Asker: 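Below is the structure I would like to discuss, written out as structure tokens.
For this chain, numbers begin at 1 and follow the sequence in order. Every value quoted in this text rests on a predicted model; they were computed, and no experiment measured them.
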Amino acid sequence: MEKKEQPDPNGDNGERMTYARKRLLEIIRKRNLRDFCERNGLSNITYYNLAYGKIRPTYRVMSESCNVIPVIEWLFYTDEELPYEPVIVPVWKGTADGSLLFQKHYDEYIQILEKFGIGESSALKIFDSRKNNPAPEILRSVCEIANPVDFFRDTEGKSEPVQNCQAKRGDIVILDGELYFIISIRKKEGLCAYIAPVRKKDYEDGIKLERTKTNGVVIPEIAMHKLSKNQQDGYIYVESCPEDVTEKVLNMFRRIVR
């Protein structure tokens with residue numbers, strides 16, 4: 001029997017790929033896709049196929065993953081400059097008032113979509129009755145007048161920049177598709193962060209996160225991650241923990257290293 005050729009986890013076959021695919025392939029290369037999908041309520045097989053370009057991203061895919069993969073990264077290739085800063089927003093399930101883009105451009109939505117080759121009937125189904133969802137091509141085209149993430153949120157305030165701030169103690173960040181708690185930042189053979197994994201909330205060993213949008217447990221394992229000179233490359237900032245929760249986590253590690 002002929003052996004089936006396995007996909008190259010580096011995805012280096014000369015084809016163009018989006019920033020989102022590159023992000024997923026890196027997660028696969030680190031053998032973290034299953035945990036990444038389970039933790040975020042995503043289909044492992046779907047995101048495997050998305051990573052290797054076997055299926056195309058849809059509005060639903062972007063809606064369910066916009067809290068970990070910036071929408072703009074699904075729409076542009078790595079050899080293109082992103083027209084907007086990548087941001088993450090809460091999982092989008094829609095609201096009665098519609099998305100922010102709908103609210104901002106309600107009076108002109110038909111003219112907007114007609115400009116991009118979308119007929120009035122389709123425009124009505126997307127904007128008015130919301131029976132249809134915009135295809136990636138529409139979302140990319142809309143970049144001329146608006147940030148496409150506005151299709152996936154209903155207020156301006158519900159977003160966090162991917163490169164939000166200097167990493168600091170008590171931050172929750174995403175590295176290679178995994179959630180981590182930053183224990184400290186040190187200058188050791190260059191700038192590095194000491195980090196601890198954040199796992200699903202049913203873990204018993206560790207400190208449960210409280211009053212955070214991230215559900216999970218900081219488990220008693222320490223790893224070191226080297227940071228670039230500006231600290232911000234390679235991670236997605238999620239949020240900062242309350243001071244008392246941060247102190248509980250630090251006390252856990254103080255007991256371990258005694």
Asker: Taking all heavy atoms of C66 and all of V91, pick out the closest pair and write down the distance.
Answerer: SG-CA, 4.0 Å
Asker: Would the distance check show the side chain of R186 and the main-chain N or O of C192 forming a donor-acceptor pair, the cut-off being under 3.5 Å?
Answerer: no
Asker: Any link between Y77 and L82 through a network of hydrophobic side chains (Ile, Leu, Val, Met, Phe, Trp, Tyr) touching at under 4.5 Å?
Answerer: no
Asker: Is I172 close to S240 at the side-chain level, that is, under 4.5 Å between some pair of heavy atoms?
Answerer: no
Asker: Taking the side chain as every heavy atom from C-beta outward, state whether I55 and T46 have any atom pair closer than 4.5 Å.
Answerer: yes
Asker: With a 4.5 Å heavy-atom cut-off, do L33 and N44 have their side chains touching?
Answerer: yes
Asker: Verify whether one side chain among K168 and S184 offers a donor that lies under 3.5 Å from an acceptor in the other.
Answerer: no
Asker: If you count heavy atoms of other groups shown closer than 6.0 angstrom to CG of D244, is the number above 12?
Answerer: yes
Asker: Taking side chain as C-beta onward, heavy atoms only, is W74 less than 4.5 Å from L50?
Answerer: yes
Asker: Could you tell me which residues satisfy ring-ring contact (aromatic ring centres under 6.0 Å, His included) with Y19, sequence neighbours excluded, listed by chain and number?
Answerer: none
Asker: Are F181 and I207 side-chain neighbours, meaning at least one heavy-atom pair lies under 4.5 Å?
Answerer: no
Asker: When you compare the side chain of N215 with that of L209, does any pair of heavy atoms fall below 4.5 Å?
Answerer: no
Asker: Please examine the side chains of E64 and K93, heavy atoms only from C-beta on, and report whether any two atoms are closer than 4.5 Å.
Answerer: no
Asker: When you compare the side chain of E85 with that of P70, does any pair of heavy atoms fall below 4.5 Å?
Answerer: no
Asker: Residues in side-chain hydrogen bond (donor to acceptor under 3.5 Å, both in side chains) with K22, at least two apart?
Answerer: none
Asker: Would you please name every residue forming a side-chain hydrogen bond (donor to acceptor under 3.5 Å, both in side chains) with E247, sequence neighbours left out?
Answerer: R254
Asker: Taking atom types as modelled, find out whether E239 and T214 have a side-chain donor-acceptor pair closer than 3.5 angstrom.
Answerer: yes
Asker: Has R169 got a side-chain atom pairing as donor or acceptor with I183's backbone, closer than 3.5 angstrom?
Answerer: yes
Asker: Which heavy-atom pair separates L75 from L139 by the least distance, and what is that distance?
Answerer: CD1-CB, 3.8 Å
Asker: Side chains of Y59 and W92: is there a donor and an acceptor less than 3.5 Å apart?
Answerer: yes
